[in-house]
Amino acid sequence: MSDKHYDVAVIGAGPGGYVAAIRAAQLGAKVAIVEKQYMGGTCLNVGCIPSKAMLHVAEVLHSMESVGDLGIELGQAPTFHMPKAVAFKDKVVKRMTSGVGSLMKANNIDVYDGLGIIDASRRVSVQKGNGSHEEFQAEKIILATGSVPLMPPMPGIDGRNVINSDTCWNLPAVPESVICVGGGVIGIELACMFNAIGSKVTVLEMLPNVLAPVDEEVRRLLVRILSKRGINIVTNAKVESIEDDSKLKQVKTTSDKGEQTFSGEYVLMAVSRRTSTGGLEHLIEQGLDMDRGRVRVNEKMETNLPGIYAIGDLTKGAGLAHVASAEGETAADNAMGHDSSMNYDVVPNPIYTFPEIAFVGLTEAQAKEKDPEARVERFPWVAIGKAVAIGETDGFTKVIRGKYGEILGAHIIGPDATNLISEFSIAMRGELTVDEIIETIHPHPTLSEGIREAVLAVEGRPIHIGPKQPARVR
């Protein structure tokens, strides 16, 4: 039995785990981190980072459709080379994961490659691929084992050309057609990507709407834009089976309209993700409190077992990398004797479609239910000079104001929405009023002007649209 001992051991090196390890080390802990597959976890290797690299490629290709309007003559239609795009994606991933490895060294964190098996006495056994193992003891353990794609039990799901959000990044060529099962954030982002690089895309969603958490007005506009691009979005469609049809795949669905069959070269499963609990079996047997497959924690990220914390997709949270990182910092703080709590009231949600969507706080429907006096207004991108100059005028910024001038929610669909939403997040976190945003001078010409203009609009005094002129939702 090993006599190695650590103050904090982190199980999982994704954006929650590696951040927790760094924070614990900053607080003076001797730290170990255990990772069974790859440094950086799902996010850096097969999730957030590769998806944004490929989405960037796809968005560039999509934007080239209108370069003729800018006076740019390409001479011929642009072509897309999948292997080169994959190589670009791989280069981005390697740079990011190497960076995490360097951070571990810089913070004197011991890295263990293998599956971490933990028990309630906080002993960790690292099972390596060659059959060997190492053991050590830790005073505190932070579980950050993440999640994997959910593959529902249905006929044909394990057949050829059935891919998921972890395995869709290395295809040898552009698929002629893709059937995306699932119309959540992952499914719609990937639908945008495949559509932009030349695939015929069909999205099948079991619920009445795609992007269920998104404000209704924003969702309607995005669906209209994607439909114009040729993406076929089918809702209320429950997938029953996946079958082979010569070189194609057939997806059979049922709905209130009866049975329907959709054909495509690939089937992309993007219905959801499930927790990855490998290595936690002993803890579960020893009484780790679970809630429908997820670890139950309090606001300090503590489990019911002494000295053991859990963060990220392993818990019942937002399923966002930046939330996992915040939870990792909170868990590390508490593991080192500080008093830190998570607050989920202000969580920005980015969606990397074309155009982008981002939101924070309440939707219009939620706000009206909570506060009948809530005021809602939106400001269109078509009235912002920078948006017009870059040819990105679809969409609007929507602000929901409470009766005391506080911001209850903000929703952006349009250019750079995923970056712009942070101003609203800071304002809400700092309990700023609409007056304080209005009194803050925003630079011109920039997209950030749209934030101030939207706040002016919700106050009934917009500058760049008429006082009674409705926002143009294109």
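Side-chain N/O atoms of Gln250 and Thr261 include no donor and acceptor closer than 3.5 Å. The closest side-chain donor-acceptor pair between Lys89 and Asn170 falls under 3.5 angstrom.
A salt bridge between Lys386 and Glu449 is absent, with no side-chain N of the basic residue lying under 4.0 Å from a carboxylate O of the acidic one. Remark: Arg274 does not engage Asp313 in a salt bridge, criterion side-chain N to carboxylate O under 4.0 Å. The pair Arg273-Asp166 meets the salt-bridge criterion, since a charged nitrogen lies less than 4.0 angstrom from a carboxylate oxygen.
For the side chain to side chain donor-acceptor pair (under 3.5 Å) with Arg401, the lone residue among Glu406, Glu373, Glu459 that qualifies is Glu459.
Of the possible polar contacts, one joining the Ser51 side chain to the Gly47 backbone as a donor-acceptor pair under 3.5 Å is found.
Closest of all the heavy-atom pairs between Met428 and Leu408 is CE-O, 3.7 Å.
Between the CD1 atom of Ile179 and the CG atom of Asn161 there is a distance of 11.0 Å, given to the nearest 0.5 Å. Rounded to the nearest 0.5 Å, atoms NZ (Lys238) and NZ (Lys252) are 15.5 Å apart.
Legend: ring-ring contact (aromatic ring centres under 6.0 Å, His included) pairs involving residues 341-367, not counting sequence neighbours, sorted by first then second residue: His62-Phe354, Phe359-His411.
Residues meeting the salt bridge (Lys or Arg N to Asp or Glu O under 4.0 Å) test with Glu35, sequence neighbours left out: none.
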